[in-house]
Amino acid sequence: MQGGSLHEHNPWEQAKSQLASAEAHFALPPLLSSRLEHPDRVLEVSVPIAMDDGSIKTFQGFRVQHNNLRGPYKGGLRYHQRVDMNEVKALAFWMTMKNAVVDVPFGGGKGGIALNPKELSEGELERLTREFTRKLFPVIGPSLDVPAPDINTNPKIMGWVADEYAKLRGKKEPAVVTGKALADGGSEGREEATGLGGFFVLSKMLQKFGKDPSGMTVAIQGFGNVGSFLAEHLEKAGLKIVALSDSKGGLYIPNGIPSIAAVEECKRKSGKLAGCYCVGTVCDIENKGKLGAQELSPEGVLTLPVDIIIPAALEDSITEENAANIKASIVLEMANGPTTFVAETILKERGVTIIPDILANAGGVAVSYFEWRQNLDNEHWDKEKVLSLLKEKMNTATEAVWSASQKYQVTLREAAYLVALERLEKSFDSAKA
Ligand code: GLU
């Protein structure tokens, strides 16, 4: 963890500061304001399972249902050693805001288990997920709360959630969870949706800024599901990706990484990015000199001399410690909450534009909404339809955020909050009527 000293990894405090800064521009009814400052419901569960060696281990699980004014609670399940109640509260709050910005009929929720998934076998992960689902069973359902994947969770894990829920419910209800595999009722395009959504947002914003994307240089922190799909789309659109990093290290090739696909293949085989110096299909440390590559630490990726940095890993990666060293003029937040509140004020003073998480990474939940709809209507849409609907959703949300920023003369983050708060207020008013 890299900690800003003001809020020592307390994303919930960061989230509330962001809300307060948006509220300074928007008179929210005090009752609604108070509802948003306090989640509707928090649930903490113990999840004991038998490990492969016969021992018993108990894990700590969480689900926060932040707000359901606009529809069922919706948001992912994260498996990570850093998961705690403050993190899950913040992530649930950001889902409420994100779902309003991208205009899907959901409220916000989030959950997770504190664990290092690399230390568990597949069987242990399955038993843990099924037991966690049993604990969540009374509070989830297609019209109540709909989980999805997040960090270290994937379509297979979502399949276990759906299957366990079906057993307890006595019937199949695939709409209880999204991000499932196609065979379990998942949607075409869901896996690439967050990365592709971020690409649509960035492209539209660059148009608004009057910038030509071709040749712009990019550094990406995080090469999981989100970072890798986004990198592919940026490469296709002619941007130059010069650096990539994962939790173990990274690659920095100032002239541009020759092939994202080759690096992906190399990471898949070797389990890490470091060392993936690929020329054609040959990925070898021997190529390092040939490519003019330079050393890079996982943190170093964010302070490189590039046009755009993309934090696509965890919270708090841009803090008051590194904000002054950031050289990029644009930050595309693909992680949730990567920039601390203090870091943001530093970046603002320095004229760095942040394209905020609740807009930039909303493509995942947008396609989750399409999946949920398909499940409820017993339909299967083709990929072309899903991706064109995704593009439309992301473009509309980006336009709304951009015009709010112009109208109120505020940052893009404040503008995104204003768009969300206006929509939440509408639901709040009609719920009262
Ligand atoms: N975990 C993703 C997010 O943070 C997706 C949530 C969902 O699809 O419900 O946006």
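Index from 1, following the sequence. In what follows, every heavy atom counts, from backbone to side chain, and hydrogens, waters and symmetry copies are set aside. These figures come from a predicted structure and were not determined experimentally.
- In this structure, a donor-acceptor pair under 3.5 Å is absent between the side chains of K240 and N255.
- A pairwise comparison of heavy atoms in K327 and L304 identifies CB-O, 3.8 Å as the closest pair.
- In terms of heavy atoms, M158 sits closest to T178 at CG-O, 3.5 Å.
- When ring centroids are compared, F93 and H66 come within the 6.0 Å threshold.
- Ion pairing between K110 and E87 fails under the 4.0 Å rule for side-chain N and carboxylate O.
- Interatomic distance, E414 CD to I354 CD1, rounded to the nearest 0.5 Å: 10.5 Å.
- Residue S228 comes nearest to F223 through the heavy atom pair CA-CE1, 3.7 Å, listed as atom of the first residue, atom of the second, then distance.
- Contact of the V102 side chain with the M394 side chain is registered, since non-hydrogen atoms from C-beta on lie closer than 4.5 Å.
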Checklist entry - Checking side chain to side chain donor-acceptor pair (under 3.5 Å) for the pair D307/T217: CA distance, chi angles, key distance, verdict? => result CA-CA 5 Å; D307 298 312; T217 51; 3.2 Å; yes
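- In this model, a donor atom of one side chain and an acceptor atom of the other lie less than 3.5 Å apart for D145 and Q65.
- Residues V301 and A243 come closest through the heavy atom pair CG2-CB, 3.9 Å.
- The shortest distance between side-chain heavy atoms of L234 and I241 falls below 4.5 Å.
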Next on the checklist: What verdict does the side chain to side chain donor-acceptor pair (under 3.5 Å) test give for T340 and E320, after you've listed the backbone C-alpha separation in whole Å, the side-chain angles of each residue and the deciding distance to 0.1 Å?
Outcome noted: CA-CA 8 Å; T340 67; E320 59 196 300; 5.9 Å; no
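- The ring of F137 has its center closer than 6.0 angstrom to the ring center of Y165.
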Checklist entry - Does the pair T129 and Y79 meet the rule for a side chain to side chain donor-acceptor pair (under 3.5 Å), with working shown? => result CA-CA 10 Å; T129 302; Y79 287 2; 2.9 Å; yes
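- Using modelled atom types, one finds a donor on one side chain and an acceptor on the other under 3.5 Å when comparing R190 with S368.
- In this structure, E37 does not pair ionically with K16, as no charged nitrogen and carboxylate oxygen lie closer than 4.0 Å.
- For the disulfide (SG to SG under 2.5 Å) condition, the pairs that include at least one residue of residues 216-276, sequence neighbours left out, are C266-C276.
- Between the CD1 atom of I157 and the CD atom of E122 there is a distance of 8.5 Å, given to the nearest 0.5 Å.
- Salt bridge E13/K89: absent, no basic N to carboxylate O contact under 4.0 Å.
- A side chain to side chain contact (heavy atoms under 4.5 Å, CB included) with I346 is found for one member of E344, K348, R350 and no other, namely R350.
- Using a 4.0 Å cut-off between charged side-chain N and carboxylate O, R63 and E44 make no salt bridge.
- V88 pairs with exactly one of V42, V64, L77 by the side chain to side chain contact (heavy atoms under 4.5 Å, CB included) rule, that one being V64.
- Between the side chains of N67 and T96, no donor N or O sits under 3.5 Å from an acceptor N or O.
- Counting heavy atoms from C-beta outward, W12 and M85 have side chains that stay 4.5 Å or more apart.
- One finds no salt bridge joining D246 and K272 here, because no Lys/Arg side-chain nitrogen approaches an Asp/Glu carboxylate oxygen to under 4.0 Å.
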Item to check | Stepwise side-chain contact (heavy atoms from CB on, under 4.5 Å) check, L296 with L251 | outcome: CA-CA 6 Å; L296 182 67; L251 294 175; 5.5 Å; no
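- The shortest non-hydrogen separation linking V342 to T345 is O-OG1, 2.6 Å.
- N361 and K98 share a side-chain donor-acceptor pair at under 3.5 Å.
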Checklist entry - Step by step, would you call V176 with V146 a side-chain contact (heavy atoms from CB on, under 4.5 Å)? => result CA-CA 5 Å; V176 66; V146 184; 6.0 Å; no
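- Between R130 and D163 there is a salt bridge, since at least one side-chain N of the basic residue sits less than 4.0 Å from a carboxylate O of the acidic one.
- When only modelled atom types and interatomic distance are considered, E23 and S33 share a side-chain donor-acceptor pair under 3.5 Å.
- Salt bridge present: E265 and R268 bring a charged side-chain N and a carboxylate O closer than 4.0 Å.
- Judged purely by distance below 3.5 Å, without hydrogens or angles, the side chains of Y73 and D40 pair a donor atom with an acceptor atom.
- More than 12 heavy atoms of other residues, nucleotides or ligands lie within 6.0 Å of CG in D382, so this atom counts as buried by the packing criterion.
- Expressed to the nearest 0.5 Å, how far CD of E191 lies from CG of L182 amounts to 8.5 Å.
- Side chain to side chain, S187 and Q374 meet the donor-acceptor criterion of an N or O pair below 3.5 Å.
- Remark: R82 engages E315 in a salt bridge, criterion side-chain N to carboxylate O under 4.0 Å.
- In this model, no donor atom of one side chain and acceptor atom of the other lie less than 3.5 Å apart for Y252 and E295.
- For H38, the side chain to side chain donor-acceptor pair (under 3.5 Å) test picks out no residue, with sequence neighbours left out.
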Next on the checklist: The test is salt bridge (Lys or Arg N to Asp or Glu O under 4.0 Å); show your working for K383 and E192 and say whether it passes.
Outcome noted: CA-CA 11 Å; K383 194 165 178 176; E192 66 184 284; 2.8 Å; yes
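- Scanning all heavy atoms of the two residues, the minimum distance from L376 to A175 falls at CD2-CB, 3.6 Å.
- Taking the side chain as every heavy atom from C-beta outward, L230 and L332 approach each other to under 4.5 Å.
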Item to check | From CA spacing to verdict: side chain to side chain donor-acceptor pair (under 3.5 Å), Q221, S317 | outcome: CA-CA 9 Å; Q221 181 193 52; S317 51; 3.2 Å; yes
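- Salt-bridge annotation for K385 and E188: absent, with no side-chain N of the basic residue lying under 4.0 Å from a carboxylate O of the acidic one.
- Side-chain atoms of E371 come within 3.5 Å of backbone atoms of K180 as a donor-acceptor pair (strictly under, hydrogens ignored).
- R373 has no carboxylate O lying under 4.0 Å from a charged side-chain N of E379, or vice versa, which leaves the two without a salt bridge.
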